Amino acid sequence: QVQLVASGGGLVQAGGSLRLSCTVSGSIAGVIAIGWYRQAPGKQRELVASTFNFGTTNYANSVKGRFTISRDNVKNTVDLQMNSLKPEDTGIYYCNLRSDDPWGDYWGQGTQVTVSS
């Protein structure tokens, strides 16, 4: 069974940094993509960053130049380094994995990020 556990959220002042980590467990032979999403109060979930095979990455325009997504295949984690945080970055951050072996779209439990002014 595929499981994702997100961690690293917290309270930080504007301009500060946080590093989120998503630990992946289970037998997964066909990973398509791994990414981070967030949901702010009163808004729908949105893509923050994603990474595909061979290092291809995508970022939301609002986080370009500030956030970096990376994968550690030894530790089986996907991390999100968040720098120069802004109050509008506040929300619950979820990690996501898409696979075709086994086929599925898997989600972690989410971790709260709060940025104060």
Side-chain angles (χ1 to χ4, degrees):
Q1 182 64 45
V2 177
Q3 292 186 346
L4 281 66
V5 179
S7 63
L11 175 64
V12 65
Q13 292 185 347
S17 299
L18 285 173
R19 187 175 182 88
L20 307 182
S21 182
C22 178
T23 301
V24 180
S25 63
S27 298
I28 308 173
V31 174
I32 299 173
I34 306 176
W36 285 93
Y37 294 74
R38 69 186 179 190
Q39 186 168 17
K43 296 185 178 181
Q44 292 189 328
R45 182 182 60 198
E46 64 176 349
L47 174 68
V48 177
S50 61
T51 180
F52 297 82
N53 290 335
F54 308 108
T56 302
T57 57
N58 292 324
Y59 294 93
N61 288 333
S62 60
V63 307
K64 287 181 179 178
R66 300 188 297 119
F67 291 10
T68 303
I69 188 170
S70 61
R71 296 172 63 177
D72 188 328
N73 293 324
V74 176
K75 298 172 60 178
N76 293 322
T77 63
V78 56
D79 297 337
L80 185 68
Q81 179 66 46
M82 306 186 295
N83 298 325
S84 302
L85 283 163
K86 304 175 181 180
E88 50 263 44
D89 293 319
T90 294
I92 303 175
Y93 285 68
Y94 302 89
C95 58
N96 168 264
L97 183 150
R98 292 180 177 179
S99 174
D100 62 4
D101 186 13
W103 181 263
D105 190 10
Y106 306 94
W107 294 89
Q109 85 285 359
T111 183
Q112 176 71 46
V113 172
T114 303
V115 184
S116 64
S117 60

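The shown structure was predicted, so the numbers you read here are calculated from the model rather than taken from an experiment. Values below: every heavy atom of this structure, side chains too, minus hydrogens, waters and symmetry copies.
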Does CD in E88 sit with more than 12 non-hydrogen atoms of other residues, nucleotides or ligands closer than 6.0 Å? yes
Nearest 0.5 Å, please: how far is OG in S7 from OH in Y93? 15.0 Å
Scan T90, D89, L18 and name whichever one has a side-chain contact (heavy atoms from CB on, under 4.5 Å) with V12. L18
Could you report the tightest heavy-atom contact between Q109 and A6, atom names first, then the distance? NE2-O, 2.6 Å
Flag side-chain contact, heavy atom, 4.5 Å: R38 against L20: no
Using side-chain heavy atoms (C-beta onward) and a distance below 4.5 Å, is M82 in contact with W36? no
Approximate separation, where rounding is to 0.5 Å, of T57 OG1 and K64 NZ: 9.5 Å
Please enumerate all residues that pass ring pair (Phe, Tyr, Trp, His ring centres under 6.0 Å) together with Y94, with sequence neighbours excluded. none
If Ile, Leu, Val, Met, Phe, Trp and Tyr residues are connected whenever their side-chain heavy atoms lie under 4.5 Å apart, and connections chain through other members, are Y106 and I28 in the same group? yes
Between CD1 on residue I34 and CZ on residue R98, distance to nearest 0.5 Å: 12.0 Å
Give, for atom CD1 of I32 and atom CG of D100, the distance between the pair rounded to the nearest 0.5 Å. 4.0 Å
Atom OG in S27, atom CD in Q1: separation rounded to 0.5 Å? 10.5 Å
Path from W107 to I92 over hydrophobic side-chain contacts below 4.5 Å: yes
Minimum-distance pair of heavy atoms, taken over all atoms of S17 and S84: OG-N, 4.3 Å
G91 and Q112 have their tightest heavy-atom pair at O-NE2, 3.4 Å
Between the side chain of Y59 and the main-chain N/O of G65, is any donor-acceptor distance below 3.5 Å? no
Within-4.5 Å side-chain heavy-atom neighbours: Q3 and T23: no
I need the full list of disulfide (SG to SG under 2.5 Å) pairs touching residues 83-117, with sequence neighbours left out, sorted by first then second residue. C22-C95
When clusters are formed by joining ILVMFWY residues with side-chain heavy atoms under 4.5 Å apart, either directly or through shared neighbours, do V31 and V2 land in the same one? yes
Do L80 and Y37 share a hydrophobic cluster (ILVMFWY, side-chain heavy atoms under 4.5 Å, transitive)? no
Could you grab the distance from atom OG1 of T77 to atom CG of D72, nearest 0.5 Å is fine? 4.5 Å
For G35, is there any backbone N or O sitting under 3.5 Å from a side-chain donor or acceptor partner on S50? no
Looking just at side-chain N and O atoms, do Q81 and D79 make a donor-acceptor pair shorter than 3.5 Å? no
